Enquirer: 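Before I ask anything, let me first share the structure, which is written out below as structure tokens.
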Number of protein chains: 2
Amino acid sequence: MTAQKTNKEGRIGAQNRARILAAAEQEFALHGYNGTRLQNVADRAQLPKTNILYYFKSKEGLYLAVLEQILTLWNSAFDVATVDDDPALVLANYVAEKMEISRTKPEASKIYALEIINGAPNLSKFYKEQHVDWMDGRVALLQAWIDQGKLSVKDPYYLLFNIWACSQHYADFQAQIAALRGKGMDKQDFSDATKALIHMILSGCGLSVPDKFK
Amino acid sequence: MTAQKTNKEGRIGAQNRARILAAAEQEFALHGYNGTRLQNVADRAQLPKTNILYYFKSKEGLYLAVLEQILTLWNSAFDVATVDDDPALVLANYVAEKMEISRTKPEASKIYALEIINGAPNLSKFYKEQHVDWMDGRVALLQAWIDQGKLSVKDPYYLLFNIWACSQHYADFQAQIAALRGKGMDKQDFSDATKALIHMILSGCGLSVPDKFK
DNA sequence: ATATAAGTTGACCATCTGGTCTAGTTTTTG
DNA sequence: CAAAAACTAGACCAGATGGTCAACTTATAT
């Protein structure tokens with residue numbers, strides 16, 4: 001071997017990639033995959049369109065990169081909770097985390113929603129299997145709490161679905177929410193909505209709300 | 001004036017319109033507005049593409065017709081509930097209605113969700129105003145129940161948002177739900193999910209579940 | 001310093017797709 | 001039975017858009 005391969009990506013490259021990814025996230029969230037124009041992504045990133053194709057092989061490649069970045073957001077303390085933890089605290093924290101993502105990263109939530117609504121054609125088999133494994137583990141944990149009499153729900157699946165549904169709704173449907181309320185949700189509104197949601201979820205499980213979330 | 005204008009639409013026309021609308025609903029739900037090809041709608045409706053443009057002036061016209069049809073689904077007994085009605089019964093019925101729509105008309109829910117996620121660019125000003133009026137009225141009703149001590153929630157808005165979020169989730173995210181459960185939701189599963197949701201919603205409001213929904 | 005890799009850029013193309021045009025056929029109506 | 005309206009349908013086009021190409025400039029490493 002002769003000269004060692006350089007890092008294959010200079011500082012400029014890393015910076016531009018990030019710029020493009022951020023711009024693409026906005027555009028995909030706003031217009032969906034098919035509605036997004038590479039030219040618009042380029043304009044938003046203030047780079048010529050050709051550069052996007054230089055860094056990402058194709059529109060699909062760009063989308064997959066955005067999607068991959070989004071999936072890392074889903075990580076949570078709930079992932080590693082055990083049967084010895086307090087269900088009320090764990091669930092309340094999980095809801096609060098989810099709501100915080102909806103507040104700070106609504107674009108990510110929207111892109112994910114669009115992907116699922118369209119039948120998840122671009123989520124890798126690997127991710128799907130991993131997600132099923134995660135779900136199995138969390139359902140088992142919830143079931144253990146149920147068996148211990150710490151949690152009162154019939155089916156753990158529906159509990160998780162409802163948590164996701166409500167928390168993501170505040171990101172995905174923000175246009176409707178703002179229209180119906182007459183104003184957008186500010187930080188305080190999110191705090192109130194989070195408390196309301198935690199109250200509802202925990203009440204439904206026969207748990208009382210920890211002071212921290214009252 | 002000479003001959004009176006005929007009905008402007010024969011029997012064939014009405015039938016074809018319905019066929020096209022049904023096909024378009026499927027396609028729009030599956031691929032979104034931009035991802036939908038008129039040719040695919042035509043194939044699904046088993047009609048030549050040109051016919052679609054004949055009955056609906058343009059792709060946008062077709063989409064608007066589909067959307068309009070969908071909005072009529074949203075009508076509910078809750079719309080006309082009064083302060084003298086029983087909150088538990090009214091809310092439980094409302095949730096059950098919403099879940100039934102998710103079960104029987106998931107495409108409609110998906111198209112609506114796609115529309116809102118993208119900022120509701122095609123919902124008419126008229127519809128939006130009407131929706132705000134509806135919301136104001138329903139919020140007032142909920143507030144009246146709260147004032148009477150029949151209902152225990154801090155903010156009626158979040159209650160309604162959470163009801164919509166959960167019920168629509170079972171339609172919009174059916175791909176994810178089926179993947180995580182290992183099988184799709186059948187009628188019995190929907191019945192269970194509906195009971196779980198009603199239990200959660202009513203618990204969160206300090207209401208007990210009517211026998212009918214247990 | 002200079003060679004090599006990384007990054008930039010405008011010109012250009014192939015294809016796809018919504019929509020038009022025209023010419024015809026069927027249905028309805030008086 | 002005509003005449004008019006409703007409906008069918010293939011051929012075709014204009015514009016948009018993802019993507020390629022080749023030439024160029026800048027950065028990096030020895």
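Below, chains carry the letters A, B, ... as their sequence lines are ordered, and counting in each starts from 1. Keep in mind the model is a prediction, meaning the values are calculated, not measured.
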Enquirer: Does N16(B) place a side-chain N or O at less than 4.0 Å from the phosphate oxygens OP1/OP2 of dT8(D)?
Expert: yes
Enquirer: Send over the distance from N34(B) CG to dC16(C) P, rounded to a whole Å.
Expert: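 Rounding to the nearest Å, CG of N34(B) and P of dC16(C) are 18 Å apart.
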Enquirer: Ignoring the backbone of Y55(A), work out which of dT20(D), dT8(D), dT8(C) is nearest its side chain.
Expert: dT8(C)
Enquirer: Hey, does the side-chain of K59(B) have a donor or acceptor N/O within less than 3.5 Å of a partner on the base of dG19(C)?
Expert: no
Enquirer: Starting at atom CD1 of I20(B), determine the distance to atom P of dA9(D), rounded to an integer number of angstrom.
Expert: 12 Å
Enquirer: Would you say the rings of F173(B) and W164(A) are close, in the sense that their centroids are separated by under 6.0 Å?
Expert: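 So the answer is no for these two rings.
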Enquirer: Could you check whether K110(A) pairs with E107(A) (Lys NZ or Arg NE/NH1/NH2 to Asp/Glu carboxylate O, under 4.0 Å)?
Expert: no
Enquirer: Can you tell me the distance, in whole Å, between the OH atom of Y54(B) and the P atom of dT26(C)?
Expert: 15 Å
Enquirer: If we only count heavy atoms from C-beta on, is the Y33(A) to L114(A) side-chain gap below 4.5 Å?
Expert: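 A side-chain contact under 4.5 Å is absent here.
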Enquirer: Grab the CG-C1' distance between L53(B) and dC7(D) for me, whole Å please.
Expert: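 Distance check: L53(B) CG to dC7(D) C1' gives 14 Å.
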Enquirer: Between dT20(D) atom P and K57(A) atom NZ, what is the distance in whole Å?
Expert: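 Going from NZ in K57(A) over to P in dT20(D) covers 9 Å.
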Enquirer: Taking the side chain of S58(B) as its heavy atoms from C-beta onward, which of dA6(D), dG19(C), dG18(D) lies nearest to it?
Expert: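 Nearest listed nucleotide: dG19(C).
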Enquirer: When rounded to the nearest 0.5 angstrom, what is the spacing between CD in E25(B) and CZ in R44(B)?
Expert: 10.5 Å
Enquirer: Taking the side chain of T50(B) as its heavy atoms from C-beta onward, which of dG10(C), dA9(D), dT8(C) lies nearest to it?
Expert: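 So the nucleotide nearest the side chain must be dA9(D).
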Enquirer: Within this structure, what is the NE2-to-C1' distance between H31(B) and dC16(C), rounded to whole angstrom?
Expert: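 Taking atom C1' of dC16(C) as the reference, NE2 of H31(B) is at 16 Å.
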Enquirer: Verify the contact: side-chain N or O of R37(B) to OP1 or OP2 of dC16(C), cut-off strictly under 4.0 Å; return yes or no.
Expert: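 Looking at the OP1 and OP2 atoms of dC16(C), neither is under 4.0 Å from any side-chain N or O of R37(B).
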Enquirer: Could you tell me the separation between the NZ atom of K49(A) and the P atom of dG18(D), rounded to a whole number of Å?
Expert: 7 Å
Enquirer: On DNA chain D, check which nucleotide each of Q39(A) and N51(B) is closest to and give me the residue with the more 5' one.
Expert: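 Its nucleotide being nearer the 5' end, the pick is N51(B).
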Enquirer: Can a cation-pi geometry be assigned to R103(A) and Y170(A), taking NZ or CZ under 6.0 Å from the six-membered ring centre and within 45° of the ring axis?
Expert: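 That pair does not qualify as a cation-pi contact.
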Enquirer: Kindly point out which of dT9(C), dG7(C), dG19(D) is positioned nearest to the side chain of L38(A)?
Expert: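 Shortest atom-to-atom distance from the side chain points to dG19(D).
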Enquirer: Rounded to whole Å, how long is the line connecting atom CD1 of I52(B) with atom P of dT20(C)?
Expert: 14 Å
